[in-house]
Structure formats: structure tokens, C-alpha cells
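This chain uses plain numbering: 1 for the first residue, then up along the sequence. Predicted model, so just to flag it, every value in this text is computed and none were measured.
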Amino acid sequence: MNKKILIFALLYSSLHAETKVENRAELSYVNSSGNTNTSSLNGSILTEVNFGDREVKAKANIFRSKDNNEKSANKYELDVDYNHMIGDRLYTYMGVYYINDEFSDYDSRLNIGPGLGYKFIYTDDELLDIQGGLDYAVDKFEDGSKDEYVAPRTELNYKYKIKENIEFKQMLSYLVSMEDSKKYFFTSETGVAVKMVENLSLGANYRLDYVNQTEKKKLDRKFLTSLIYDF
């Protein structure tokens with residue numbers, strides 16, 4: 001894991017060399033005690049760089065939780081996209097997505113692939129961005145085996161500024177193996193952020209992660225409230 005953190009740190013530093021950089025950090029922590037003692041920590045950092053007709057987005061996320069002092073979740077995610085506009089709204093992209101989940105029968109998943117995207121709505125207050133392409137996927141399992149395959153992937157991102165200080169966002173993602181149609185992954189993330197002061201907001205997010213081909217629970221739900229800092 002140290003190598004992955006180093007790679008992200010180098011990427012993060014290189015992005016900061018550009019002038020048009022937007023960063024967002026989110027942190028959520030919950031601790032409860034009583035009949036059961038539970039705690040959870042979720043942290044993420046997002047960097048977006050725009051330079052001319054090119055755009056780079058990099059996001060790292062960590063989620064950990066304990067139940068009665070026993071670890072119940074330990075997940076790391078890294079998502080990097082490079083977009084190149086070839087028109088006012090049409091663009092090509094190259095994406096890399098990596099996830100390591102200690103409590104899934106998928107020890108890790110890596111998806112790399114190109115595709116096309118189109119910004120159907122692209123204003124200061126509203127964005128509707130849909131992309132699709134082909135990924136090369138590598139899944140590694142608890143027993144040391146792995147599965148390699150090609151998978152079509154689609155993703156929708158929608159953002160809407162309801163008011164000057166309230167923003168709504170929705171993300172939907174779907175990936176399916178070309179070799180086995182019963183092997184597919186679906187993610188939905190819905191969020192609202194309310195700005196409290198200039199750079200600080202309060203956010204609420206509801207995320208669904210569905211894995212169709214697994215020996216463990218197929219649907220994972222998370223509802224998080226977090227502090228958001230833009231810089």
C-alpha cells in the first residue's frame with residue numbers, strides 16, 4: 001500500500017505545479033458507545049486541474065470502521081481520469097480505478113481503459129456528463145487467484161447548484177464483463193453540500209455499491225455526513 005500512496009503523492013504534487021487547480025477534502029468520523037461500541041472514519045481528497053482543452057481529475061478515498069473494537073471495514077480507493085476535449089462538449093478520456101477492500105472476496109480490483117464522454121449540459125450552475133468506454137480489468141481474490149477480462153463501462157455525473165450555497169450531485173457507474181454477463185458492478189452516489197462559510201461546507205452522501213458475483217453481501221450501503229473544505 002505504501003507504493004500506491006507514494007504514486008498518488010507524486011501525482012498530487014505534479015498537479016499542483018499547474019495554475020488552475022481546485023481541491024476538495026472531505027472528512028467524516030462517527031463514534032458511538034452503549035450496548036455496542038462502533039466507530040467509522042471516511043476521508044477523501046479530490047484534485048481537478050484544467051489547462052486548455054485538457055483536464056485531470058484524481059481522487060483518493062479511505063473508509064475504516066470498527067464494531068466492538070473489531071475491524072469491520074477497511075477500504076482504499078484511487079480514481080484518476082485524464083480528459084482531452086475534441087469539441088465544445090465531446091472529449092476522449094483515459095481512466096484508472098483501483099480498489100483494495102479487506103472485507104470483500106475481491107482482495108483488489110484494477111480497471112484501466114479509454115473511452116468517449118459528452119457534456120450534455122455544461123453551464124456554471126449545472127453539469128450533465130456521460131461517458132463510456134472499454135476497460136481492461138484485473139480482479140485479485142483472497143485465495144491468490146485472479147481474473148482478467150475486458151469490460152464495457154458507463155458513468156453518469158450530474159451536478160446542480162440549487163442555490164448559491166447549496167449543491168446537489170449524483171454519480172452512477174456500471175461495469176460488466178464481456179466474458180460473463182453475470183459479473184457486473186454498479187455504484188450510485190448521491191450527495192448534497194451546504195456552504196457554511198467561504199471554504200467550508202457540510203455534506204451528506206448516500207452511496208450504494210453492488211457486486212453481483214460474490215460469496216458475500218452483494219449490496220453495500222453507506223450514509224455519511226462530512227465536513228468539506230475547498231482550497
Side-chain angles (χ1 to χ4, degrees), residues 1-27 42-64 74-86 90-101 104 106-119 122 127 129-140 146 148-159 169-176 185-189 191 205 207 209 211 226 228-231:
M1 187 62 201
N2 291 335
K3 291 183 179 179
K4 300 180 184 70
I5 294 174
L6 177 60
I7 291 172
F8 180 74
L10 291 173
L11 174 62
Y12 189 82
S13 299
S14 66
L15 294 180
H16 269 69
E18 303 294 338
T19 54
K20 296 182 180 179
V21 181
E22 294 182 0
N23 305 294
R24 169 167 286 194
E26 297 189 29
L27 181 64
N42 187 83
S44 66
I45 185 165
L46 170 67
T47 295
E48 296 185 8
V49 183
N50 292 277
F51 40 103
D53 55 2
R54 292 168 292 168
E55 180 182 54
V56 177
K57 297 180 181 180
K59 182 176 183 180
N61 187 79
I62 179 174
F63 179 75
R64 291 179 175 176
N74 190 27
K75 181 187 291 187
Y76 302 88
E77 291 178 280
L78 177 62
D79 194 357
V80 181
D81 276 332
Y82 172 78
N83 302 335
H84 190 171
M85 300 298 297
I86 54 177
L90 182 66
Y91 64 91
T92 61
Y93 76 86
M94 173 61 72
V96 179
Y97 174 74
Y98 176 82
I99 178 171
N100 185 296
D101 189 352
S104 168
Y106 290 84
D107 186 54
S108 68
R109 292 172 47 214
L110 174 65
N111 301 325
I112 303 175
L116 288 172
Y118 192 83
K119 299 180 180 182
Y122 192 29
L127 170 69
D129 188 350
I130 299 177
Q131 58 180 220
L134 285 177
D135 280 8
Y136 169 68
V138 181
D139 299 336
K140 293 185 178 180
K146 68 177 181 179
E148 301 179 41
Y149 54 94
V150 175
R153 186 187 72 87
T154 58
E155 182 173 315
L156 177 149
N157 282 283
Y158 178 73
K159 294 181 181 180
K169 67 177 182 179
Q170 175 67 59
M171 185 276 287
L172 300 171
S173 177
Y174 178 76
L175 181 143
V176 58
F185 306 86
F186 173 77
T187 300
S188 170
E189 185 170 357
N205 290 279
R207 176 161 172 161
D209 287 291
V211 180
S226 57
I228 303 170
Y229 182 66
D230 295 296
F231 58 100

Heavy atoms of Tyr93 and Gly113 approach each other most closely as CE1-O, 3.9 Å

CD1/Ile62 to NZ/Lys75 distance, rounded to the nearest 0.5 angstrom? 12.0 Å

Could you go through the side chain to side chain contact (heavy atoms under 4.5 Å, CB included) check for Leu110 and Val96 one step at a time? CA-CA 7 Å; Leu110 174 65; Val96 179; 4.2 Å; yes

Go through it in stages, so that I can follow the logic: the residues are Leu156 and Thr154, the test is side chain to side chain contact (heavy atoms under 4.5 Å, CB included), and I'd like the CA-CA distance, side-chain angles, deciding distance and then a yes or no. CA-CA 7 Å; Leu156 177 149; Thr154 58; over 6 Å; no

Counterpart residues, side-chain hydrogen bond (donor to acceptor under 3.5 Å, both in side chains), relative to Tyr82 (two or more places apart): none

Pro152 meets the side chain to side chain contact (heavy atoms under 4.5 Å, CB included) criterion, sequence neighbours left out, with Leu134, Val176, Met178

Could you tell me which non-hydrogen atom of Ser226 sits nearest to which non-hydrogen atom of Glu26, and how far apart they are? OG-OE1, 3.4 Å

Work out which heavy atom in Asn61 is nearest to a heavy atom in Ser44; give both atom names and the distance. OD1-CB, 3.1 Å

One should read off an interatomic distance between Asn74 CG and Ser104 OG, to the nearest 0.5 angstrom, of 12.0 Å

By side-chain hydrogen bond (donor to acceptor under 3.5 Å, both in side chains), Asp230 pairs with (sequence neighbours left out) Arg24

Nearest 0.5 Å please: distance from the NE2 atom of His84 over to the OH atom of Tyr91. 13.5 Å

Among residues at least two apart in sequence or on other chains, which ones pass side chain to side chain contact (heavy atoms under 4.5 Å, CB included) with Asn157? Asp129, Glu155, Met171

The criterion is side-chain hydrogen bond (donor to acceptor under 3.5 Å, both in side chains); which residues satisfy it with Tyr118, sequence neighbours excluded? none

To check you understand the geometry: which heavy-atom pair defines the closest contact between Tyr98 and Ser108, and what is its length? OH-CB, 3.6 Å

Rounded distance (nearest 0.5 Å) linking atom CG of Leu172 with atom OG of Ser188: 5.0 Å

Enter the distance from Phe63:CZ to Tyr76:OH here, rounded to the nearest 0.5 Å. 12.5 Å

Can you name the side-chain hydrogen bond (donor to acceptor under 3.5 Å, both in side chains) partners of Lys140, sequence neighbours left out? none

Answer yes if the ring centres of Phe185 and Tyr97 are under 6.0 angstrom apart, and no otherwise. no

Restricting to non-hydrogen atoms, name the atom on Gln131 and the atom on Asp81 that form the minimum distance, rounded to 0.1 Å. OE1-OD2, 4.2 Å

Surrounding CD of Glu148 (heavy atoms of other residues, nucleotides or ligands, distance under 6.0 Å), is the total greater than 12? yes

Heavy-atom pair of closest approach, residues Asn205 and Lys169: OD1-CE, 3.4 Å

Quick one: CD1 on Ile45 to OG1 on Thr47, what's the gap to the nearest 0.5 Å? 5.0 Å

Pairwise side-chain contact, Tyr149 with Val138, heavy-atom cut-off 4.5 Å (strictly under): no

Run the salt-bridge test on Asp135 and Arg153 with the 4.0 Å N-O cut-off and return the result as yes or no. yes

Is there a salt bridge (Lys or Arg N to Asp or Glu O under 4.0 Å) between Arg207 and Glu77 once you walk through the steps? CA-CA 14 Å; Arg207 176 161 172 161; Glu77 291 178 280; 3.0 Å; yes

